[in-house]
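To start, the structure itself, in structure tokens.
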Amino acid sequence: MPLGTVQRRGLVGQVVEQVQELITSGEWPVGSRLPPEQELGEMLGVGRSTVREAVRALCHTGVVEVRQGDGSYVTATSDLSGVLRRGLASSDARHVVEVRRALDVEAAVLAASRRTEGDLRILEEALRTRDLAWEQDDLPTFVQTDLDFHVAVVAAAHNPVLEQFYRDFSAALESSIAASVAPGLHDERYVDHARLLHAIRSADPEQAAVEARTVLQEVEALLPASG
């Protein structure tokens, strides 16, 4: 292999790492548009062709999506998140709930044991904004804030491996939440989360597990029949 090719591939890899770092840091969150090739190249000190190859590599892993005529958009925060997002895009929502049961229940148990006052404030605000979105019949905001609440429970568990995996899993989780309330926010489809928060606030791991399972049982009952 020519030395120039080796060096070029190494440079592309460096650009990929730099872009991923900016995405992970929140500089370019999921849903944001990357700067145009020329601007991104100037920012990173490389040519447009190198930027193009790096973006192509990020598209391959599912971290970035190129929308013809519109630009490149961030679709995941990591390679794993991208792979999960693509792999779970067409998954049965009930299968996603089964995976959630393993993650959410353990997270609730740990959160009840480890939560801080700061965690409780975040959870209370997340639940408040979730319920406000429901009252205002704002479906997109409700789905996002419901996801935010569950991510906050996992964060309160203070297990960085579990938190990172859950965040990577969140694209499929978001679809599961949307499926449970579609086509609209009707009273009979509301799943109460206040009891789960109360168990975490009360530092009661056993009750937190019970409430987390109950939430998922109610969510699963709202999903459309498979097949």
Side-chain angles (χ1 to χ4, degrees), residues 23-34 59 62-78 80-101 103-104 107 121-156 163-197 212 214-226:
I23 291 171
T24 303
S25 71
E27 181 73 21
W28 296 325
V30 172
S32 64
R33 180 181 177 182
L34 294 181
C59 287
V63 174
V64 169
E65 176 184 74
V66 175
R67 300 175 188 173
Q68 198 63 37
D70 190 22
S72 301
Y73 287 80
V74 179
T75 52
T77 56
S78 68
L80 176 58
S81 179
V83 170
L84 285 172
R85 175 179 172 274
R86 291 189 302 176
L88 297 173
S90 58
S91 297
D92 188 313
R94 292 181 184 277
H95 294 161
V96 174
V97 169
E98 289 172 0
V99 176
R100 285 187 62 185
R101 190 171 289 117
L103 300 174
D104 285 28
R121 286 192 292 271
I122 292 171
L123 284 164
E124 288 162 1
E125 177 62 18
L127 188 58
R128 188 191 69 78
T129 55
R130 171 188 184 268
D131 289 346
L132 180 61
W134 183 277
E135 291 170 8
Q136 295 177 341
D137 197 24
D138 185 343
L139 179 58
T141 300
F142 174 80
V143 171
Q144 181 59 55
T145 53
D146 188 86
L147 176 60
D148 290 343
F149 176 82
H150 289 289
V151 169
V153 171
V154 176
E163 183 176 1
Q164 183 58 57
F165 183 82
Y166 202 84
R167 290 184 184 278
D168 289 335
F169 179 66
S170 63
L173 173 54
E174 185 173 359
S175 298
S176 170
I177 294 168
S180 72
V181 292
L185 305 181
H186 305 299
D187 288 346
E188 65 273 14
R189 306 188 75 81
Y190 178 78
V191 176
D192 180 52
H193 286 29
R195 293 189 302 272
L196 172 57
L197 175 55
T214 299
V215 164
L216 291 173
Q217 287 168 356
E218 294 181 12
V219 167
E220 188 171 22
L222 294 172
L223 296 174
S226 301

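We count residues from 1, following the sequence as given. Computation of the quantities below employed the complete heavy-atom set of this structure, encompassing side-chain atoms and omitting hydrogens, waters and symmetry-equivalent molecules.
- In this structure, Val151 and Phe169 have side chains that are not in contact, with every pair of non-hydrogen atoms separated by 4.5 Å or more.
- Counting all heavy atoms, side chain and backbone alike, Val66 lies closest to Cys59 at CG2-SG, 3.4 Å.
- Counting heavy atoms from C-beta outward, Trp134 and Val191 have side chains that stay 4.5 Å or more apart.
- Heavy atoms only, all atoms of each residue included: Arg101 and Leu216 are closest at CA-CD1, 3.3 Å.
- Not one N or O on the side chain of Arg67 forms a donor-acceptor pair closer than 3.5 Å with the backbone of Tyr73.
- When side chains are defined from C-beta on, Leu223 counts as touching Val97, because their heavy atoms get closer than 4.5 Å.
- Summarising the geometry, atom NE2 belonging to His150 is positioned 5.5 Å from atom CD1 belonging to Ile177; distances are rounded to the nearest 0.5 Å.
- Looking at heavy atoms from C-beta onward, Phe149 lies in side-chain contact with Leu123 at the 4.5 angstrom threshold.
- Applying the salt bridge (charged side-chain N to carboxylate O under 4.0 Å, His left out) rule to pairs touching residues 133-152 yields Arg130-Asp146, sequence neighbours excluded.
- Across all their heavy atoms, Ala133 and Thr145 have their closest contact at CB-OG1, 4.2 Å.
- Atom OH of Tyr190 is separated from atom CG of Asp131 by 3.5 Å, given to the nearest 0.5 angstrom.
- In this structure, the side chains of Val153 and Asp104 stay at 4.5 Å or more apart for every pair of heavy atoms.
- In this structure, Leu103 and Val154 have side chains that are not in contact, with every pair of non-hydrogen atoms separated by 4.5 Å or more.
- Glu124 pairs by the salt bridge (Lys or Arg N to Asp or Glu O under 4.0 Å) definition with Arg201, not counting sequence neighbours.
- Nearest heavy atom pair, residue Asp192 against residue Glu218, reads N-OE1, 4.2 Å.
- Between Pro29 and Val74 the shortest heavy-atom distance is O-CB, 3.5 Å.
- For the atom pair CG (Leu132) and CZ (Phe142), the distance works out to 11.5 Å, reported to the nearest 0.5 Å.
- Within the 3.5 Å criterion, the main-chain N or O of Leu222 finds a donor-acceptor partner in the side chain of Arg189.
- Arg94 places a side-chain N or O within donor-acceptor distance of the main-chain N or O of Glu220, the cut-off being under 3.5 Å.
- Residue Glu188 qualifies as enclosed at atom CD: its count of foreign heavy atoms under 6.0 Å is above 12.
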